[in-house]
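Chain identifiers are assigned alphabetically (A, B, ...) following the order of the sequence lines, protein sequences preceding nucleic acid strands; residue numbering begins at 1 within each chain.
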Amino acid sequence: MNNKDYGLSKYKYQGGFETWAWFFMRISGVVLLLIAVLHLLLMHVYIQVENITYDVVANRWTGTWGPFWKTYDLALLIFALTHGFNGLRWIVDDYIHRAGWNVFFKALLLVIYLVVIAMGTYTVFSFTG
Amino acid sequence: MGNVISAFWKGVKYKGGPGHYAFILHRLTGIGVALFLVVHIMDNFVILFGEEAFTEVLHLYANPVMRLLEVFLIFSVAYHAFNGLRVIIVDFWAPNSHVQRALWILVWVVVIPITIVAAWFTLAPIFGLR
């Protein structure tokens, strides 16, 4: 069997929202593999959760490298949350077929997504120590 | 509700071998990590209310049950990350079945050590080790 007979090669990219959503999951997935896994190694293995205090977080955000860590955490917030909620949206589409409930759950996800992303962004930007 | 259960059950019953188990675990770990993310952003938000409030929230993560969930979180992120990478490789390069099987094994070769290291760093203090 020729490689061209399966995999993505037989599909034509048509564009549109769903194609971009599909691409976004691959791209943000690779980005998150780097920044989320590094975040976990840093917080759970290098610093360790029992050593995380108010000062640890405050110093990181307000120290010399503050702008770097704020950017890092903001990237983590936006990529992880968008990736996660698009995944949840796909799950709703896969299992909830009745139009009313499908729209209801997706609207609910969108509201939670927007509220949580606003909370996270506000936390990063307004924290002064 | 019946429709939802039957759609879900169809997805579970489908006999797709390793790729199917990979898919189910990818979904479960994805849901778990997404739920934690929401909680995690809310706990971070509390830092705006000052040191005392934030310290109280951090203490919630200190009990043994939460430490166990922490190991599960690290496993979930590691599995989701490396299985996701496997999915990307299979999507774009369509390797033959031998390579696909090797990739599936490779996911576990990476994820199991990460989980063991995470479990050691996370759980050892509970037992007075380390």
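Between chain B and the residues A:T128, A:L88, A:D94, the most heavy-atom pairs under 4.5 angstrom are made by A:D94. In terms of heavy-atom pairs under 4.5 Å with chain B, the best-connected choice from A:I52, A:V57, A:I91 is A:I91. Among B:L73, B:I5, B:I74, B:V33, the residue making the largest number of heavy-atom pairs under 4.5 Å with chain A is B:I74. Ranked by heavy-atom pairs under 4.5 Å with chain B, the list A:V124, A:I112, A:L40, A:V115 is led by A:L40.
You'll find the side chain of A:Q48 reaches within 4.5 Å of the side chain of B:F121, heavy atoms only. Put simply, the side chain of A:M43 does not reach to within 4.5 Å of the side chain of B:E70, judged on heavy atoms. Two residues are said to be in side-chain contact when any heavy atoms from C-beta on lie closer than 4.5 Å; B:T122 and A:V49 fail this criterion. The closest side-chain heavy-atom distance from B:L37 to A:F85 is not below 4.5 Å. No side-chain heavy atom of B:V4 sits under 4.5 Å from any side-chain heavy atom of A:R98.
In the hydrophobic clustering of this structure, A:V31 groups with A:F68; members are Ile, Leu, Val, Met, Phe, Trp, Tyr whose side-chain heavy atoms approach within less than 4.5 Å, directly or through other members. Put simply, B:I114 and B:L25 are part of the same group of oily side chains (I, L, V, M, F, W, Y) that touch within less than 4.5 Å, one to the next. Residues A:Y122 and A:I78 share a single hydrophobic cluster, defined by chaining ILVMFWY side chains whose heavy atoms lie under 4.5 Å apart. Both A:L114 and A:V111 are assigned to one and the same hydrophobic cluster, defined by single-linkage of ILVMFWY side chains at heavy-atom distances under 4.5 Å. The hydrophobic cluster containing B:V87 does not contain A:M25, counting ILVMFWY residues as joined when their side-chain heavy atoms lie under 4.5 angstrom apart, directly or transitively.
Residue contact with chain B, scored on non-hydrogen atoms closer than 4.5 Å, is absent for A:I117. Looking at A:D73, there are no atoms closer than 4.5 Å to chain B (heavy atoms on both sides), in backbone or side chain. With a 4.5 Å cut-off on non-hydrogen atoms, A:L32 does not touch chain B at all. For A:H44, the parts lying near chain B are the backbone and the side chain together; criterion is any non-hydrogen pair under 4.5 Å.
The CD1 atom of B:I89 lies 12.0 Å from the CZ atom of A:R26; values are rounded to the nearest 0.5 Å. The line from CD1 of B:I126 to CD of A:E50 is 9.0 Å long, rounded to the nearest 0.5 Å.
The 12-atom threshold is not exceeded at CZ of B:F72, counting heavy atoms of other residues, nucleotides or ligands nearer than 6.0 Å. Annotation for A:W65: atom CH2 does not count as buried by contact number, only 12 or fewer foreign heavy atoms lying within 6.0 Å. Environment of OH in B:Y21: sparse, with no more than 12 heavy atoms of neighbouring residues, nucleotides or ligands closer than 6.0 Å.
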Per-pair distances, 0.1 Å, donor-acceptor, side chain in residues 39-58 of chain B, under 3.5 Å, sequence neighbours excluded:
from: B:H40; atom 1: ND1; to: B:D43; atom 2: OD2; distance (Å): 3.3
from: B:D43; atom 1: OD2; to: B:Y61; atom 2: OH; distance (Å): 2.4
from: B:T55; atom 1: OG1; to: B:E51; atom 2: O; distance (Å): 2.7

Evaluate ring pair (Phe, Tyr, Trp, His ring centres under 6.0 Å) for A:W22 paired with B:F92, printing each intermediate quantity in order. CA-CA 12 Å; A:W22 185 91; B:F92 285 100; 5.7 Å; yes
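Evaluation of the side-chain contact (heavy atoms from CB on, under 4.5 Å) rule for A:A75 yields A:I35, A:F79 as partners, not counting sequence neighbours.
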